[in-house]
Amino acid sequence: MQQLRFQTDVSTDPDLFWKRQSIATINQEMAPLLRMTAPAQYRQLQLKDWKGETPLFASWVLLFGLIPVDRHCFEKLDFPGEREFIETSTSWNNKTWQHRRFVTATATGCTVTDELQFTPRMAWMTPVVTWIVKMAFQNRHRYLARLTHNRSAK
């Protein structure tokens, strides 16, 4: 099992940041490298409202928004804390996937933390899959850091 952790300070109210979490904000964070698809009923929902049958839905992960590189099946989304989710999924690339995101208040806004635990389907691909996941989440956190920079530049 691989484990990665990413953390970024954002100068946004933690409740406002949390309220905006959706497939749209996921795609904003991952652009331009990746984009995820979602059924129509999930595109307009905030993550906190993703409830129902399990698995929730399957999503294409598209390189540059066009080329399918993975099929990600959202199994379930739990909300153990006030501004926290734990996503449990599988995909073509990963036998197991758990993504925990939590948002904590700071004096200047909030800290966004992503913790990942995953097991690639093919052990020999572990270094490659780990590198790809690391690049994707570094990209997401660069986007979050730019949010702070853009707000302070105004």
Side-chain angles (χ1 to χ4, degrees), residues 1-31 33-63 68-106 109-123 125-148:
M1 177 176 296
Q2 301 300 300
Q3 297 183 347
L4 298 171
R5 187 173 199 268
F6 304 88
Q7 189 170 334
T8 301
D9 292 328
V10 181
S11 61
T12 300
D13 176 78
D15 292 322
L16 181 59
F17 181 89
W18 183 253
K19 181 180 176 186
R20 291 180 177 162
Q21 296 297 285
S22 66
I23 195 74
T25 58
I26 291 168
N27 283 330
Q28 287 171 346
E29 290 176 15
M30 294 194 311
L33 298 176
L34 299 170
R35 182 173 67 84
M36 295 184 83
T37 64
Q41 66 266 31
Y42 284 92
R43 283 185 228 140
Q44 304 304 318
L45 286 179
Q46 294 158 339
L47 292 185
K48 66 180 183 60
D49 296 323
W50 286 21
K51 295 177 175 66
E53 300 295 318
T54 57
L56 295 168
F57 64 92
S59 171
W60 287 107
V61 180
L62 305 170
L63 181 64
V69 293
D70 199 7
R71 185 76 167 159
H72 191 90
C73 184
F74 288 93
E75 297 291 332
K76 65 180 182 171
L77 200 58
D78 293 316
F79 300 94
E82 183 182 0
R83 291 181 299 263
E84 174 183 10
F85 71 72
I86 299 174
E87 171 215 343
T88 305
S89 300
T90 61
S91 76
W92 284 353
N93 293 321
N94 291 299
K95 177 174 20 180
T96 64
W97 173 271
Q98 187 176 78
H99 172 199
R100 176 180 179 231
R101 173 172 275 191
F102 56 99
V103 178
T104 52
T106 65
C110 63
T111 299
V112 179
T113 305
D114 287 306
E115 296 177 343
L116 304 160
Q117 295 182 353
F118 57 97
T119 305
R121 286 200 182 272
M122 296 174 278
M125 287 290 292
T126 297
V128 174
V129 172
T130 301
W131 179 79
I132 291 168
V133 171
K134 188 174 183 180
M135 293 286 290
F137 274 83
Q138 285 174 336
N139 185 66
R140 290 180 78 164
H141 280 262
R142 274 192 302 273
Y143 172 84
L144 294 174
R146 284 192 308 268
L147 283 179
T148 296

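Basis for what follows: all heavy atoms, side chains included, without hydrogens, waters or symmetry-related copies. Just so it is clear, the structure is predicted and the values come from calculations on it, not from any experiment.
- Taken from OG1 in Thr104 to CH2 in Trp18, the straight-line distance is 11.5 Å, to the nearest 0.5 Å.
- Side-chain contact between Asn93 and Phe118 is absent, with no heavy atoms from C-beta onward closer than 4.5 Å.
- What you find for Lys76 and Asp78 is that their closest heavy atoms are CE-OD2, 3.5 Å.
- Side chains of Gln7 and Arg5: a donor on one and an acceptor on the other come within 3.5 Å.
- At distances below 3.5 Å, at least one donor-acceptor pair connects side-chain atoms of Asp13 with backbone N or O atoms of Leu16.
- Under a cut-off of 6.0 angstrom, the local environment of CD in Gln44 is sparse, with at most 12 non-hydrogen atoms contributed by other residues, nucleotides or ligands.
- Applying the salt bridge (charged side-chain N to carboxylate O under 4.0 Å, His left out) criterion to Lys134, with sequence neighbours excluded, gives no partner residue.
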### Task
Would you please test Glu84 and Arg101 for salt bridge (Lys or Arg N to Asp or Glu O under 4.0 Å) and show each step?
CA-CA 6 Å; Glu84 174 183 10; Arg101 173 172 275 191; over 6 Å; no
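- Stacking of Arg121 on the aromatic ring of Trp92 is not recorded, the 6.0 Å distance cut-off and the 45° axial limit not both being met.
- Qualifying side-chain hydrogen bond (donor to acceptor under 3.5 Å, both in side chains) partners for Asp15, counting only residues two or more places apart in sequence or in other chains: Arg83.
- Using the six-membered ring where Trp is involved, Trp50 and Phe57 have ring planes that are perpendicular, over 60° apart on the 30 and 60° scheme.
- Checked by atom type, the side-chain pair His72/Ser89 shows a donor-acceptor distance below 3.5 Å.
- Separation of atoms SG (Cys73) and CG (Asn94) is listed at 12.5 Å; rounding is to 0.5 Å.
- For the pair Gln117 and Gln2, the minimum side-chain heavy-atom distance is 4.5 Å or more.
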### Task
Given side-chain contact (heavy atoms from CB on, under 4.5 Å), test Leu62 with Leu34 step by step and report yes or no.
CA-CA 5 Å; Leu62 305 170; Leu34 299 170; over 6 Å; no
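- Expressed to the nearest 0.5 Å, how far CZ of Arg142 lies from CZ of Phe137 amounts to 13.0 Å.
- Ser22 contributes atom OG, which lies 9.0 Å from atom CG of Leu45 (distance to the nearest 0.5 angstrom).
- Using a distance-only test at 3.5 Å, with no hydrogens or angles considered, no donor-acceptor pair links the side chain of Thr54 to the main chain of Leu56.
- What you find for Ile23 and Ala38 is that their closest heavy atoms are CG1-CB, 4.0 Å.
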### Task
Apply the test side-chain contact (heavy atoms from CB on, under 4.5 Å) to residues Thr90 and Lys95: give CA-CA distance (whole Å), side-chain angles for both, the deciding distance (0.1 Å), then the verdict.
CA-CA 6 Å; Thr90 61; Lys95 177 174 20 180; over 6 Å; no
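- With contacts defined as side-chain heavy-atom distances shorter than 4.5 Å, the pair Trp97/Ser91 does not qualify.
- Atom CZ in Arg140 sits 15.0 Å away from atom CE in Met135 (nearest 0.5 Å).
- Ring centroids of His141 and Tyr143 are separated by 6.0 Å or more, keeping the two rings apart.
- Panel note: side chain Asp114, backbone Phe6; no donor-acceptor pair is recorded below 3.5 Å.
- Taking all atoms of both residues into account, the shortest heavy-atom contact from Ala145 to Thr8 is N-CG2, 3.8 Å.
- Considering every non-hydrogen atom in both Met36 and Ile26, the closest pair reads SD-CG2, 4.3 Å.
- When the side-chain hydrogen bond (donor to acceptor under 3.5 Å, both in side chains) test is applied to Thr119, the partners found at least two apart in sequence or on another chain are Thr96.
- Across Arg100 and Ile86, no two heavy atoms sit closer than the pair CG-CG1, 3.9 Å.
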### Query
Which is it for Thr37 and Arg35 under the side-chain contact (heavy atoms from CB on, under 4.5 Å) test, yes or no, and what are the steps along the way?
CA-CA 7 Å; Thr37 64; Arg35 182 173 67 84; 4.2 Å; yes
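- Side-chain N or O atoms of Thr126 include one that pairs as donor or acceptor with a backbone N or O of Ala123 at under 3.5 Å.
- Residues forming a side-chain hydrogen bond (donor to acceptor under 3.5 Å, both in side chains) with Thr111 (at least two apart in sequence, or on another chain): Asp9.
- Partners of Phe85 under the ring pair (Phe, Tyr, Trp, His ring centres under 6.0 Å) rule, at least two apart in sequence or in another chain, are His99.
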### Message
Please determine whether salt bridge (Lys or Arg N to Asp or Glu O under 4.0 Å) holds for the pair Glu82 and Lys19, giving the CA-CA distance in whole Å, both sets of side-chain angles, and the decisive distance to 0.1 Å.
### Response
CA-CA 11 Å; Glu82 183 182 0; Lys19 181 180 176 186; over 6 Å; no
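- Formation of a donor-acceptor pair under 3.5 Å by the Asn139 side chain with backbone atoms of Ala31 is found in this model.
- Residue Leu63 holds its CG atom at 11.5 Å from CG of Asp70, rounded to the nearest 0.5 Å.
- Under the ring pair (Phe, Tyr, Trp, His ring centres under 6.0 Å) criterion, Phe79 pairs with no residue at all, not counting sequence neighbours.
- The shortest non-hydrogen separation linking Leu47 to Leu77 is O-CD2, 3.7 Å.
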